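In what follows, chains carry the letters A, B, and so on, assigned in the order in which the sequence lines appear, proteins first and then strands, with residues in each chain numbered from 1. Predicted model only: the values in this text are computed from it and were never measured.
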Number of protein chains: 2
Amino acid sequence: MYHDIADDIIKQINEQTYVDKLPSEAQLTDHYQVSRNTIRKAIDEVCQQGLLRRVKGSGYYINQITMHDAPVVNLSLGAGKAMRAVDSHLTSTVLALEDVLANQFQANHLHITIGEPLIHVLRLRQLNGQRYCIEDSYYLKTQVAQLSLADAQQSIFHAVKRDYDISVNNAENYISVTTLNDQQRQLTGIHDDHALLTLTQINYYGNNIAFNLSTTKFFNADLNLYFHSSQTFGGDSK
Amino acid sequence: MYHDIADDIIKQINEQTYVDKLPSEAQLTDHYQVSRNTIRKAIDEVCQQGLLRRVKGSGYYINQITMHDAPVVNLSLGAGKAMRAVDSHLTSTVLALEDVLANQFQANHLHITIGEPLIHVLRLRQLNGQRYCIEDSYYLKTQVAQLSLADAQQSIFHAVKRDYDISVNNAENYISVTTLNDQQRQLTGIHDDHALLTLTQINYYGNNIAFNLSTTKFFNADLNLYFHSSQTFGGDSK
DNA sequence: TTTCATTTGTCCGTATGTATC
DNA sequence: CGATACATACGGACAAATGAA
C-alpha cells in the first residue's frame, strides 16, 4: 500500500501538483487515509529515489534534478526504472543475440563459474534517430532460458518479468570511461576512438540472485548520470 | 539510537562476528534490548549500503562484495565518507584559494542568485606521487566565511565541521565525461585533451541548505565510481 | 529575545499477512 | 502442516528543529 502511495506522490511531483514542497505528513495522512507511519514509509521511498530532501521541523522539499540543458539519467530510480523516461522513445537494433559461455569477467560479477551458459545480447539504441547508447547484456541461462528477437528489440526486462517473473530488486552500479571494443566496432561500423561514459550494472532479483550483467556505453558527450546520496546518519562523519 | 545499532551491525559484519547471515530480528531485538521497529530501521540502513540482502521468511544474508582489479570509489557510503578510504593517503596542492562571485552555473546549483560571494578552492590531489584528481570547490561565504590555506591542504570538510559545525547531510551527484578547462590547464601545466571521469556534487547540510558545489575530475583512466541501488519495492515495476 | 504552534524524527507495543523451511 | 522469520499497518508518545508571532 505504501508503495502505491509512493508511486502516487511521484506522479504528483511529475505532474507538478506538488511544486516546491510536499504537503505535511498530517495533510498526506488525511488525504490518503492511512496512518502516519505508512505515509512516512511511502515518503522514505520517494526520498530514496532522490526526489526529495527532508528537513526536520520544516517539511519535504522537492529536488530539481537538472544539469542545465545537459540530459540526465536518474539512476536513483533503480534499475529498470532509470531509463523508463527515455525508454519509450528508444529504438533498438539487435546486433547480436547468441548463447555464450561465461568468461572470467562475467563469472566474477555474476557469482558463477567460468563456462556457465549465458545469453548475450548486443543492442544499439537510438533516440530520435540519434545514436544513444550501445548495450551489452548477459543473462544467466539457468534463470532466463530464452530470449526472442522480438523481445530484444523491445524492453528485455519487461519480457523477463512476463515470462520468468523476474524483476530487479537491487543493483550494483559501476561508472567508468571506456571506448568501444572490437566486436562493437565491427558490428556498428563505428571506428573512432571516442571516450564514452560507461555504466556497468549487475542486476539482482528476489533473493538477490544475480541474473543479468550489462554494460552500457553512452554516445552523448553531454550526458550526466545522476544519483542521490543521503546520510540517514545522525552524526559525526568525523 | 538505531544509527548506533546500524553502526554496530556493520562492525560485527566487518569483524566477521556475523559471517553468512544476521541473527533473526527477534534475536537482535533481544540482544540490543530495543523494539523490533528500531531493529528494522537499523537494518534498513545497513541494507541501504548494500551490505545485506533481505529474504522474507528466511533472514538477512551478508553480501560478499567482490573486489576488482580496477580501483573503485564507493559513493554509496554517503557524501563525505566516500573518499575517506583514500583521503588519508591524498596530498593536496592548492592551486587557487580566492573569493569569487557566483556565475550562472554556480547560482543554479547552489540555489542562490548570480553575484553572491563564494570561496573558490582549486586543488590538485595526488595519491602515492601519482596525479589522482583535480577538484574545484565553491563554498557559500554566508555559510563558510573563511578557509585557511592550511585547511585547504588538508580535509576541508573536517575544517568546516570544526569551525562552522557544518557537515554533509545529503548530496546530489552528477557523473559525466569532461576535459580540463582553461584555468585548470594553465595552473596545472597539463595541456593534453584526455577525457576524464567527472563527479559534480552539490552538498547540503541541515538537509536543506546547499553550502558547497564541487567538481572532481579523475585522472586514472581505469577508475570506477561505484554505488548500490536497491528497490525497497516489493513488486511489480510494471 | 522568548514563546508557541507546526512539522519531522525516534521509539514503543500490537496485530495481521505472507514467504520460507 | 506448523513454526519461524520478515513485511505491512495502526496508534500513541515524546523529542527536536523550524518558523512565525
Side-chain angles (χ1 to χ4, degrees), chain A residues 1-9 18 20-48 51-63 165-167 169-170 205-209 230-236, chain B residues 1-9 18 20-48 51-63 143 165-167 169-170 204-209 230-236:
Chain A
M1 173 190 246
Y2 69 85
H3 298 298
D4 300 326
I5 296 175
D7 285 344
D8 192 66
I9 291 174
Y18 307 142
D20 202 43
K21 62 181 292 194
L22 249 51
S24 71
E25 291 177 357
Q27 286 172 296
L28 291 171
T29 295
D30 202 53
H31 181 277
Y32 291 103
Q33 286 294 300
V34 294
S35 75
R36 186 177 164 222
N37 283 333
T38 303
I39 287 293
R40 283 181 63 80
K41 281 224 77 174
I43 293 177
D44 279 347
E45 259 190 34
V46 185
C47 284
Q48 222 175 315
L51 302 176
L52 296 175
R53 32 179 216 286
R54 35 195 347 158
V55 184
K56 183 200 280 200
S58 181
Y60 297 92
Y61 295 85
I62 296 169
N63 275 333
D165 197 33
I166 289 177
S167 58
N169 266 61
N170 72 62
Y205 85 97
N207 308 348
N208 276 29
I209 301 169
S230 61
Q231 215 40 356
T232 354
F233 305 60
D236 97 280
Chain B
M1 171 190 244
Y2 68 85
H3 300 297
D4 300 327
I5 295 176
D7 285 343
D8 191 64
I9 290 174
Y18 307 144
D20 201 43
K21 62 181 293 194
L22 249 51
S24 71
E25 291 178 356
Q27 287 172 296
L28 292 171
T29 295
D30 201 55
H31 180 279
Y32 290 104
Q33 285 294 301
V34 293
S35 77
R36 186 175 162 227
N37 283 334
T38 303
I39 287 294
R40 282 181 63 80
K41 281 225 75 172
I43 292 176
D44 279 346
E45 260 191 32
V46 184
C47 285
Q48 225 174 314
L51 275 56
L52 294 176
R53 53 181 193 277
R54 41 195 341 159
V55 183
K56 184 199 280 200
S58 180
Y60 297 94
Y61 295 85
I62 296 168
N63 273 334
Q143 308 296 330
D165 197 31
I166 290 176
S167 57
N169 270 62
N170 73 63
Y204 294 81
Y205 86 97
N207 272 359
N208 196 21
I209 303 167
S230 60
Q231 212 45 352
T232 347
F233 304 59
D236 102 276

Do you know the tightest heavy-atom contact between [X] and [Y]?
{"X": "A:Thr29", "Y": "A:Val34", "result": "CG2-O, 2.9 Å"}
{"X": "B:Thr38", "Y": "B:Met1", "result": "CG2-SD, 4.4 Å"}
{"X": "B:Glu45", "Y": "B:Ala6", "result": "OE1-CB, 3.4 Å"}
{"X": "A:Leu52", "Y": "A:Leu22", "result": "CD1-CD2, 3.6 Å"}

Nucleotide [N], atom [atom2] - distance to [atom1] of [X] in whole Å:
{"X": "B:Ile43", "N": "D:dA7", "atom1": "CD1", "atom2": "C1'", "value": "12 Å"}
{"X": "B:Lys56", "N": "D:dC6", "atom1": "NZ", "atom2": "P", "value": "12 Å"}
{"X": "B:Glu25", "N": "D:dA5", "atom1": "CD", "atom2": "C1'", "value": "7 Å"}
{"X": "A:Tyr60", "N": "C:dT7", "atom1": "OH", "atom2": "P", "value": "12 Å"}
{"X": "B:Tyr61", "N": "C:dA19", "atom1": "OH", "atom2": "P", "value": "16 Å"}
{"X": "A:Arg53", "N": "C:dG9", "atom1": "CZ", "atom2": "C1'", "value": "18 Å"}
{"X": "B:Ile5", "N": "C:dC12", "atom1": "CD1", "atom2": "C1'", "value": "13 Å"}
{"X": "B:Arg54", "N": "C:dT18", "atom1": "CZ", "atom2": "C1'", "value": "15 Å"}

Would you say [X] reaches [N]'s phosphate, i.e. side-chain N/O to OP1/OP2 under 4.0 Å?
{"X": "B:Ser58", "N": "C:dA19", "answer": "no"}
{"X": "B:Tyr2", "N": "C:dT10", "answer": "yes"}
{"X": "A:His3", "N": "D:dA7", "answer": "no"}
{"X": "A:Arg40", "N": "C:dG9", "answer": "yes"}

From A:Arg54 atom CZ to A:Lys21 atom NZ, the distance as rounded to the nearest 0.5 Å: 13.5 Å

Worked verdict on B:Tyr2 versus B:Arg40 for side-chain contact (heavy atoms from CB on, under 4.5 Å): CA-CA 9 Å; B:Tyr2 68 85; B:Arg40 282 181 63 80; over 6 Å; no

Side chain to side chain, B:Tyr32 and B:Asp8, heavy atoms closer than 4.5 Å: yes

Within residues 29-39 of chain B, residues whose heavy atoms come under 4.0 Å of DNA chain C: B:Val34, B:Ser35, B:Arg36, B:Asn37, B:Thr38

